[in-house]
Protein chains: 2
Amino acid sequence: MRTRGEVMQSKILAVLKHADSALSAYDILEALRDEFPKIAPPTVYRGLAALTEKGSVHRVESLNSFVACTNHNHDHASIMSICDDCGSVEENEAPKIFDDLSGLLGKTGFDAHRHVIEVHGVCAACGDQDNAS
Amino acid sequence: MRTRGEVMQSKILAVLKHADSALSAYDILEALRDEFPKIAPPTVYRGLAALTEKGSVHRVESLNSFVACTNHNHDHASIMSICDDCGSVEENEAPKIFDDLSGLLGKTGFDAHRHVIEVHGVCAACGDQDNAS
DNA sequence: ACGCTTGCGTTATGTTATAACGAAATATAC
DNA sequence: GTATATTTCGTTATAACATAACGCAAGCGT
C-alpha cells in the first residue's frame, strides 16, 4: 500500500510550490477544487501531515498555514522570516541558533524536541519600497 | 472611560495565573462562565488582546493558546518552552538569541519586528519521571 | 442636560482542524 | 486464487479557534 495518497500529496506540494506566500489548508482546498470537485478538508490535512512528516512542507505556526520547503536538505529545522507586508515567507538555516537554544534550555532540564522559530517583520523588497516612497 | 474593560481583563489574567498550562480562549470562557453566565468569545478575545498588548499575557502560537507572563519586566520577547507531556509552559529570557536572530536576518535585508520562539519537548519534571519508571 | 465619542456586549458568522465511519485498495494466509 | 486482515482514503459531521458588525451604554465636553 504505497502510492494511493502520494498523488494527492504531490498535488498539494505543487500548489504550495507555486504560491508566493504561505497557504492555509483551505486555500489549498480551493486550489484543488477544480481538479477534485468533491475534495474535503481531511484529505488536504492528511496530505499536509504526510508532507510535513517528510519535511517537504513546513507549517507556519503563527499563520496557521503551510509553505513548501525550499531547502534541498529536508532534514533540518528552519527559521521562518515572515513579511507582514507582502506575506512572503523565507526559510533560513542557522544551526548555531538551534544549538544555542537547546543548550540554554538543557540547563533548566528541558529536553528540546522541536523548535518553532518564526520572525515577523518587513522583507528587503518591501523595506526598499517604503524607503523609495 | 477607564475602568469598564479592566475588570474583565483582571479576571482573565487571574484565570491564566492560576492555570498550570496554557489556556485557549475558550478554556478561559468556560472558567468565567460561572461568574458571567452570558459571556461570549469576543469579550475574552478583546481582553486577551489588551493584555497581550501590555505584555502581561503572551500568546503561544503553536498551541493557539495563552499564558500569563511570569516575568517582572513585561517589555521583552520570550522563549517559550512547552512540555508536550504535561502541558506546562515556561518563559525563558535570552536576549542574546534574539539579537543573533535579528542580526542574521538583517544580513538578508529583513527587518525583524516580532520574534516567535517556541520549543516543544519534555520538561525536567516529566523527564525525571520517565527515567524513574 | 444634551449630544459626542469610545469601547463594550451580543449576535452571527467565518476560519481552521479533526473525529468517526464506511468503502475501496492492497497485502497475507491458506 | 479466494478469503480474510489491514491500511488508507473519501465523506459526513462537528469541534475548536477567531472576528465582523452593530447597537447600546458609559464617560466626556459644552
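If you're wondering where the values come from, they're calculated on a predicted model, not measured in any experiment. The basis for the numbers below is simple: all heavy atoms, side chains too, and nothing from hydrogens, waters or symmetry mates. Here is how names work: the chains are called A, B, and so on, in the same order as the sequence lines, proteins then strands, and each is numbered from 1.
- Of the candidate nucleotides dT19(D), dT11(D), dG9(C), dT19(D) has the atom lying nearest to any side-chain atom of P42(B).
- Side chain Y26(B) to base dA15(D): no donor-acceptor pair is found below 3.5 Å.
- Remark: P of dT18(C) and CG of L29(A) are 15 Å apart, rounded to the nearest angstrom.
- Within the nucleic acid shown, S24(A) comes within 4.0 Å of sugar-phosphate atoms alone, with no base atom in reach, counting heavy atoms only.
- With dA17(C), dA18(D), dA20(D) as the candidates, the nucleotide lying closest to the side chain of A25(A) is dA17(C).
- Regarding D27(A), its CG atom lies at a distance of 10 Å from the C1' atom of dT15(C), rounded to whole Å.
- At whole-Å resolution of the value, NZ in K11(B) and C1' in dC8(C) are 17 Å apart.
- Between N64(B) atom CG and dT15(C) atom P there is a gap of 16 Å when expressed in whole angstrom units.
- Taking atom CZ of R33(B) as the reference point, atom C1' of dG9(C) lies 14 Å away to the nearest angstrom.
- Atom CG in L32(A) sits about 11 Å away from atom P in dG10(D), given to the nearest Å.
- Of the candidate nucleotides dT11(D), dT16(C), dT11(C), dT11(C) has the atom lying nearest to any side-chain atom of A40(B).
- Atom NZ in K38(B) sits roughly 15 Å away from atom C1' in dA12(C) (whole-Å rounding).
- With distances taken from any side-chain atom of M8(A) to the nucleotides dC17(D), dA17(C), dG10(D), the minimum falls on dG10(D).
- If F66(A) and P41(B) are placed on DNA chain C by their nearest nucleotide, the residue sitting closer to the 5' end is P41(B).
- With hydrophobic clusters built from ILVMFWY side chains whose heavy atoms lie under 4.5 angstrom apart, I82(A) does not share a cluster with I97(A).
- Side-chain contact between S62(B) and H120(B) is present, with heavy atoms from C-beta onward closer than 4.5 Å.
- Regarding L48(A), its CG atom lies at a distance of 12 Å from the C1' atom of dT16(C), rounded to whole Å.
- Counting heavy atoms from C-beta on, the side chains of I28(A) and L48(A) come closer than 4.5 Å.
- Side chain to side chain, S102(B) and D99(B) fail the donor-acceptor criterion of an N or O pair below 3.5 Å.
- For the pair Y45(B) and dT19(D), the ring geometry does not qualify as stacking, because the centroid separation below 5.5 Å and plane angle under 30° are not jointly satisfied.
- Looking at heavy atoms from C-beta onward, E118(B) lies out of side-chain contact with L63(B) at the 4.5 angstrom threshold.
- One finds a side-chain N or O of T43(B) lying less than 4.0 angstrom from the OP1 or OP2 phosphate oxygen of dG9(C).
- Summary of the strand contacts: S65(B) and R46(B) both lie near DNA chain D, and taking for each the nucleotide with the nearest heavy atom, the more 5' one is attributed to S65(B).
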